[in-house]
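So that the names make sense, note that chain A is the first sequence line, chain B the second, and so on, each numbered from 1. All figures in this text were calculated on a predicted structure; none of them were measured in a lab. Scope of the values below: all heavy atoms of this structure, side chains included, with no hydrogens, waters or symmetry mates.
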Amino acid sequence: MLDRNRILKDPEAAARAFRARHAEIDLEGLLDLDGRWFEANREWERLRERRNALSAEIGKKKRAGEPTEELYAEVLRINAAIEASDTLRRELDRQREERWLLLPNIPDASVPVGQDETENVEIRRVGDPPSFSFTPRPHWEVGAGLGILDFDRAARMSGARFSILLGAGARLERALISFMLDCHTGPREGEPAYRELSVPYMVLPESLLATGQLPKFREELFHMPADDLFLIPTAEVPVTNYYRGEILDEADLPVKFAAYTACFRREAGAAGKDTRGLIRQHQFDKVELVWLSSPESSMENLERLTRDATTILERLGLPYRVISLCTGDLGFSSAKTYDVEVWLPSQGRYREISSCSNFMDFQARRAQIRYRRTGDRKVQLVHTLNGSALAVGRTLAAILENCQTEDGSVLIPEALHPYMGGLTRISPEMVSPHP
RNA sequence: GGAGAGAUGGCCGAGUGGUCGAAGGCGCCCGCCUGCUAAGCGGGUGUAGGAUCAAAAGUCCUACCCAGGGUUCAAAUCCCUGUCUCUCCGCCA
């Protein structure tokens with residue numbers, strides 16, 4: 001949610017920001033509604049003030065043994081006015097709140113202005129795409145050839161966009177999760193390591209409201225109506241909500257969390273996209289990094305966070321690039337986002353494997369996560385950041401594709417050897433006897 | 001799932017329907033004192049919104065004692081519902 005005072009002070013700047021995002025926002029209508037709410041609220045407060053004063057008076061008179069009849073009559077009149085005023089106030093507040101919650105974040109000044117994903121700006125490119133003496137196969141063919149990936153049986157038990165990993169494939173997935181978590185939680189020089197969190201996969205609607213998935217993106221979420229719980233679309237939700245409603249100490253910042261979770265997305269708007277392979281699944285694994293930062297350092301922390309994500313790719317030897325999303329492609333809650341894209345040989349292009357964002361105080365305001373400054377003891381909203389490091393399924397796909405050999409084997413990146421029980425390659429002859 | 005107990009400020013904990021944003025203690029902040037530390041002494045110390053003000057400070061108003069309803073001129077306090085926590089029983093990975 002945006003800072004009301006900031007918008008009131010300069011509505012034109014906000015309107016410009018929404019235009020840059022191509023978000024259709026009736027800001028004038030909202031501000032009009034907000035103004036009416038504000039007045040209704042003041043009126044209600046004035047009535048309460050009067051009522052409270054009279055009630056106190058009654059108390060005094062009763063103790064003094066004086067008559068109170070006239071006061072009673074007046075209070076009853078005021079109470080009727082309060083009730084009417086309260087009804088109006090609450091209705092306006094409900095409408096106003098609803099619309100404030102649908103305002104997207106304002107892009108940071110450093111975000112490139114652009115229409116859509118074609119105008120995202122490449123920041124850097126690391127590693128060279130491998131050259132093959134043969135036509136590289138897509139990862140689902142590599143996986144099928146090795147007998148470590150099964151989409152057909154997954155579809156039979158769960159429908160489209162699910163997958164099953166077998167044998168060395170399942171092991172590889174587990175290895176990636178452990179490797180990523182170990183990288184982030186291991187000791188590092190100069191800055192604190194990430195603290196690992198293991199969190200619920202089902203959350204209450206208010207948690208999704210806090211991080212911005214609700215109310216706008218309800219159709220993207222799996223919902224269990226019997227209990228009004230939602231499956232998390234990303235670990236960002238439970239992890240960011242860890243400190244919801246709390247006031248931290250400045251000395252506690254930055255808070256750095258790393259969490260592995262499964263993630264669940266309906267992919268409602270993605271019909272026909274990436275229908276084959278591991279790229280777009282209803283359920284996928286991800287290791288997520290979350291920062292709670294002071295406002296002053298959140299932008300440099302976004303750089304750190306992004307570097308922590310790309311370090312994984314470098315240690316796996318996977319070529320990637322980092323792009324800065326332009327205003328037209330920025331996510332709803334984000335003020336600035338770097339996407340990390342990994343090279344997929346079969347597609348001949350880079351595909352998103354991580355998205356690292358600075359939400360500034362947008363989520364913190366919804367979640368009411370604040371901190372007390374050391375100097376003046378003032379309470380202030382934190383800045384929240386998060387990024388995948390990395391999406392496990394896409395990393396696995398990238399390994400199958402980038403590390404494939406002509407005979408259908410896959411060479412396991414060296415960094416993963418300790419996690420694979422010494423296995424250095426997955427070969428067709430290792431295929432299990434099960435058909 | 002059944003029975004019972006509870007939910008108050010950063011923490012512990014008191015609270016008779018009115019003078020309670022809430023005693024007391026701890027912690028924290030400022031100052032004093034002792035060569036340092038501890039102890040001691042004095043003062044301060046919730047959040048949000050609003051009014052006043054050029055601004056700040058200050059002062060004042062409104063709301064918040066788990067949440068939502070209700071009773072009442074008046075609710076932290078009484079009633080109802082829900083949520084969560086704890087104890088016991090049952091079931092269970």
Side-chain angles (χ1 to χ4, degrees), chain A residues 1-10 30-31 33-97 99-101 198-210 214 224-230 238 241-253 255 262 292 361-382:
Chain A
M1 198 153 55
L2 294 168
D3 180 359
R4 180 171 177 272
N5 288 328
R6 180 178 166 194
I7 305 300
L8 292 183
K9 201 178 288 175
D10 192 357
L30 189 160
L31 292 181
L33 179 63
D34 191 86
R36 282 190 288 138
W37 161 80
F38 187 80
E39 275 318 309
N41 199 50
R42 283 192 57 186
E43 174 63 16
W44 177 82
E45 283 190 4
R46 273 194 291 267
L47 290 167
R48 293 278 300 190
E49 179 177 0
R50 180 83 186 117
R51 202 278 313 270
N52 289 347
L54 288 172
S55 285
E57 187 97 355
I58 290 174
K60 258 183 224 147
K61 291 209 163 180
K62 278 208 153 180
R63 243 168 296 130
E66 295 171 33
T68 54
E69 283 73 26
E70 333 81 79
L71 291 177
Y72 269 66
E74 193 178 351
V75 169
L76 285 174
R77 250 194 9 257
I78 292 176
N79 273 349
I82 288 178
E83 198 177 333
S85 171
D86 194 38
T87 305
L88 175 66
R89 176 186 82 116
R90 288 165 89 130
E91 175 57 21
L92 289 173
D93 192 29
R94 193 188 58 74
Q95 293 177 16
R96 167 194 95 97
E97 182 81 357
R99 294 176 66 165
W100 275 106
L101 287 170
S198 176
V199 293
Y201 289 6
M202 293 185 251
V203 294
L204 296 165
E206 44 266 46
S207 299
L208 290 149
L209 195 81
L214 286 179
M224 286 155 291
D227 302 282
D228 200 17
L229 285 169
F230 292 83
N241 271 275
Y242 182 78
Y243 282 123
R244 190 173 83 219
E246 297 192 38
I247 299 176
L248 309 175
D249 222 71
E250 183 168 6
D252 300 331
L253 301 180
V255 171
L292 305 185
D361 62 14
F362 187 85
Q363 293 181 326
R365 185 171 293 105
R366 289 168 167 245
Q368 283 299 299
I369 305 171
R370 294 170 290 175
Y371 75 102
R372 194 178 298 280
R373 288 197 300 222
T374 310
D376 54 14
R377 311 297 295 163
K378 280 252 166 60
V379 173
Q380 203 174 0
L381 293 166
V382 302

Problem - Nearest-neighbour nucleotide for the A:Trp44 side chain, B:rA63, B:rU19, B:rU47 considered - result: B:rA63
Practice task
Would you mind reading off the distance between A:Glu45 atom CD and B:rG50 atom P, rounded to a whole angstrom?
Solution key: 9 Å
Practice task
Rounded to whole angstrom, note down the P distance from B:rC79 over to B:rC20.
Solution key: 23 Å
Problem - Protein-nucleotide distance (A:Phe38, atom CZ; B:rG49, atom C1'), rounded to Å - result: 8 Å
Exercise for the section: Please measure how far the P atom in B:rC11 lies from the corresponding atom in B:rC66, and state the result in whole Å. Expected result: 13 Å
Exercise for the section: Answer yes or no: is there a side-chain heavy-atom contact under 4.5 Å between A:Ile58 and A:Lys62? Expected result: yes
Exercise for the section: For the pair A:Asp93 and A:Arg96, find out whether any cationic side-chain nitrogen is under 4.0 Å from an anionic carboxylate oxygen. Expected result: yes
Problem - Side-chain touch A:Leu204/A:Leu229, heavy atoms, less than 4.5 angstrom - result: yes
Completion exercise
Scoring nucleotides 67-83 of chain B by protein non-hydrogen atoms under 4.0 Å (B base, S sugar-phosphate only, - none) yields --S---BS---------
Practice task
Calculate the interatomic distance between A:Gln380 atom CD and B:rU47 atom P; express it in whole Å.
Solution key: 13 Å
Exercise for the section: Measure from the side-chain heavy atoms of A:Arg42 and tell me the nearest of B:rA51, B:rU47, B:rC61. Expected result: B:rA51
Handout entry: Closest-nucleotide 5' rank along RNA chain B - winner of A:Arg63 and A:Val379
Key = A:Arg63
Handout entry: A:Asp93 CG - B:rG50 P separation (whole Å)
Key = 13 Å
Handout entry: Span that lies between the C1' atom of B:rC65 and that of B:rG10, in whole angstrom
Key = 16 Å
Handout entry: Side-chain ion pair, A:Glu43 and A:Arg46, N-O less than 4.0 Å
Key = yes
Handout entry: Between B:rG15 and B:rC33 - C1' atom distance, rounded Å
Key = 37 Å
Fill in the blank from the handout: Test side chain to side chain donor-acceptor pair (under 3.5 Å), reference A:Gln380, set A:Arg373, A:Arg372, A:Glu250, output is A:Arg373
Exercise for the section: May I ask you to decide whether A:Arg90 forms a salt bridge with A:Asp86, counting only side-chain N to carboxylate O separations under 4.0 Å? Expected result: yes
Practice task
With the side chain counted from C-beta on, respond yes when A:Leu33 and A:Leu30 share a heavy-atom pair under 4.5 Å apart, and no when they do not.
Solution key: no
Exercise for the section: Determine the interatomic distance between P on B:rG46 and the same-named atom on B:rC41; round to the nearest Å. Expected result: 23 Å
Exercise for the section: Check the distance between B:rC66's P and A:Arg244's CZ and give it to me in whole angstrom. Expected result: 18 Å
Fill in the blank from the handout: Atom CZ of A:Arg377 and atom P of B:rU45 are separated, to the nearest Å, by 14 Å
Practice task
Please state how far atom CD in A:Glu43 lies from atom P in B:rC61, giving the value in whole angstrom units.
Solution key: 18 Å
Handout entry: Flag side-chain contact, heavy atom, 4.5 Å: A:Glu91 against A:Gln95
Key = yes
Exercise for the section: Write down the distance separating the P atoms in B:rG21 and B:rG82, rounded off to the nearest Å. Expected result: 31 Å
Exercise for the section: Counting heavy atoms from C-beta on, name the nucleotide in B:rG46, B:rA48, B:rG50 closest to the side chain of A:Arg372. Expected result: B:rG46
Fill in the blank from the handout: For RNA chain B, the expected dot-bracket line (Watson-Crick or G-U under 3.5 Å, [ ] crossing, | inter-strand) is ((((((((.[[[..)..(.....]]]((((((.......))))))(((((((.....))))))).[[[[[..)....]]]]])))))))....
Problem - Inter-nucleotide P distance (B:rC61, B:rU19), Å rounded - result: 13 Å
Practice task
Please report the closest heavy-atom contact between A:Tyr371 and A:Leu381, naming both atoms and the distance.
Solution key: CE2-O, 3.6 Å
Practice task
Give a yes or no on whether a salt bridge exists between A:Glu45 and A:Arg48, defined as a side-chain N under 4.0 angstrom from a carboxylate O.
Solution key: no
Handout entry: Separation of the P atoms in B:rG31 and B:rC36, to the nearest angstrom
Key = 15 Å
Exercise for the section: Measure from CD on A:Glu250 to C1' on B:rG10 and round the result to the nearest Å. Expected result: 17 Å
Handout entry: Test item: A:Ile7 and A:Leu31 side chains (from C-beta on) under 4.5 Å apart, heavy atoms
Key = yes
Practice task
May I ask you to verify if any side-chain N or O of A:Arg50 is less than 4.0 angstrom from the OP1 or OP2 atom of B:rC61?
Solution key: no
